[in-house]
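Report on the structure given below.
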2 protein chains.
Amino acid sequence: MVIECRLMRSPEELVKSFRESGRKVTPQREKIFQILQGNKTHPTAESVYAELLREMPTVSLKTVYQTLHELVGMGEISPLDLGTGSARFDPNQSTHHHLVCTRCHSVKDLYLDIEDIQIPGEQLEGFDAGTAEITFRGHCSKCRTAVSGQSQIAVHQG
Amino acid sequence: MVIECRLMRSPEELVKSFRESGRKVTPQREKIFQILQGNKTHPTAESVYAELLREMPTVSLKTVYQTLHELVGMGEISPLDLGTGSARFDPNQSTHHHLVCTRCHSVKDLYLDIEDIQIPGEQLEGFDAGTAEITFRGHCSKCRTAVSGQSQIAVHQG
DNA sequence: TGGTAAACGAAAATCATTGTTTTTTGGCCC
DNA sequence: GGGCCAAAAAACAATGATTTTCGTTTACCA
Ligand SMILES: [Mn+2]
Ligand SMILES: [Mn+2]
Ligand SMILES: [Zn+2]
Ligand SMILES: [Zn+2]
């Protein structure tokens, strides 16, 4: 299976790209680029905001949403609705799917080789299926331990 | 391919089941059962409410949410988050997937024979994948017509 | 036919997200 | 470096979906 890896560009490249497209580069935006770079946690706007607040105590949540939307518009990150309450943002632009823990809401990337999901034509009825997202729901290893041994003291492996 | 068909029980059976489990049966609830029976539109709480209002002008949206949650808890309907804004509820309890129109937000059931989606073990890392949901996004036949012929007068096939 | 827990309706609260308004600032010209 | 101006930030009000609160009504079992 060949996986083509397509990630959000580096903060430096994004700075360049923002300037080139007439967008302005602010310290807030640069810091958001850094928070997102290589981030595999599928953060929400709120969690990006929380991290940003540690260095910029006056930043507003609106600024975070605005920058995330810019990045989505530029194709640098993808918005995800995994049914965990708030929207999540994924700097991993490779074709991939997700494992969602129904207990702790953690999200893990999953690479599947399935160009071969065939929709029976008679069910399509003219529907033009562009993309297929597969979401697996279950329990992550931490939560599996916790659930099976609920009466015990929960010991989570780091 | 063998599809096992599992639908929400009939209003009469639900009345019985509610009583048996100590829940009370009210006219509001009975009407909600009827609205859901055989409903393939994947309604939102709001759309159930709208239909209910036509016969019970004083009913409250709270009552609708409460009853829908009861039914979810009893395994009679499934909550769906398809990224269309609000939660949807599905009385079709058969294993199935969905086609979602990104333009008009209509949702169509899709029966796929894929017990064979194999998650490569090395990616699982202890994750216990219970269910797999596949969501196809694209344009329904109506919207395909509308999109491709935007400058024309839209002619929707019924 | 009561008594009582459950359900109801109305309205306020909450959560995620977006809009509006005012102030500040980045990028550019001199 | 100083000035300009549109874009962005901040502050905060508003929205839509859902939940909570609370006083009133009702289903249903004795
Ligand atoms: Mn991902
Ligand atoms: Mn369905
Ligand atoms: Zn977990
Ligand atoms: Zn459509």
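The distance from atom OG of A:S21 to atom CE of A:M74, rounded to the nearest 0.5 Å, is 4.5 Å. Interatomic distance, B:H97 NE2 to B:T135 OG1, rounded to the nearest 0.5 Å: 9.0 Å. In this structure, the separation between CG on B:L124 and OG on A:S141 is 10.5 Å, given to the nearest 0.5 Å. Atom SG of residue A:C101 and atom CZ of residue A:F136 lie 15.0 Å apart, to the nearest 0.5 angstrom. The distance from the CD atom of A:Q123 to the CG atom of B:L99 is 8.0 Å, given to the nearest 0.5 Å.
A ring pair (Phe, Tyr, Trp, His ring centres under 6.0 Å) check over residues 35-62 of chain B, counting only residues at least two apart or in different chains, returns the pairs B:H42-B:H98. Applying the salt bridge (charged side-chain N to carboxylate O under 4.0 Å, His left out) test to residues at least two apart or on different chains, the pairs with a partner in residues 118-137 of chain A are A:E125-B:K108, A:E133-B:R137, A:R137-B:E133. A salt bridge (charged side-chain N to carboxylate O under 4.0 Å, His left out) check over residues 8-20 of chain A, counting only residues at least two apart or in different chains, returns the pairs A:R9-A:E76, A:K16-A:E20. For residues 40-55 of chain B, the salt bridge (charged side-chain N to carboxylate O under 4.0 Å, His left out) pairs, not counting sequence neighbours, are B:K31-B:E55.
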Show me the donor-acceptor pairs within less than 3.5 Å that the side chains of residues 66-73 of chain B make with the rest of the protein, sequence neighbours left out.
unit_1: B:T67; atom_1: OG1; unit_2: B:T63; atom_2: O; d: 2.9
unit_1: B:E70; atom_1: OE1; unit_2: B:R23; atom_2: NH1; d: 2.5

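The minimum heavy-atom distance between B:F33 and B:M8, with the atom names listed, is O-CE, 3.6 Å. The two atoms that bring B:I134 and A:A132 nearest to each other are CG2-CB, 4.4 Å, heavy atoms only.
Side-chain atoms of A:R29 come within 3.5 Å of backbone N or O of A:K24 as a donor-acceptor pair. Judged by distance alone, the side chain of B:R6 and the main-chain N or O of B:Q93 form a donor-acceptor pair under 3.5 Å.
In terms of the side-chain contact (heavy atoms from CB on, under 4.5 Å) criterion, residue partners of B:P43 (sequence neighbours excluded) are, by chain and number, B:L36, B:N39, B:T41, B:S47, B:V48.
Between the axis at the start and the axis at the end of the helix from C:dT1-D:dA30 to C:dC30-D:dG1 there is an angle of 30°, using five pairs per end and rounding to 10 degrees.
Residue contacts for A:Q66: at a heavy-atom cut-off of 4.0 Å it reaches the sugar-phosphate backbone alone, with no base atom in range.
Listed in residue order, the members of residues 20-37 of chain A having a heavy atom less than 4.0 Å from DNA chain D are A:R23, A:K24, A:T26, A:Q28, A:R29. For residues 53-64 of chain B, proximity to DNA chain D is found at B:L61, B:K62, defined as any non-hydrogen atom under 4.0 angstrom from a strand atom. Residues from residues 67-76 of chain B that place a heavy atom under 4.0 Å from any atom of DNA chain C: there are none.
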Going through the checks in order, is the side-chain contact (heavy atoms from CB on, under 4.5 Å) test met by A:L53 and A:T58?
-> CA-CA 7 Å; A:L53 266 185; A:T58 69; over 6 Å; no
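The aromatic rings of B:Y111 and B:H96 are tilted relative to each other, their planes meeting at an angle between 30° and 60°.
Of all nucleotides in DNA chain C, those with any atom nearer than 4.0 Å to a heavy atom of chain A start and finish, going 5' to 3', at C:dA16 to C:dG27. In the 5' to 3' direction, nucleotides of DNA chain D lying under 4.0 Å from heavy atoms of chain B begin and end at D:dA17 to D:dC28.
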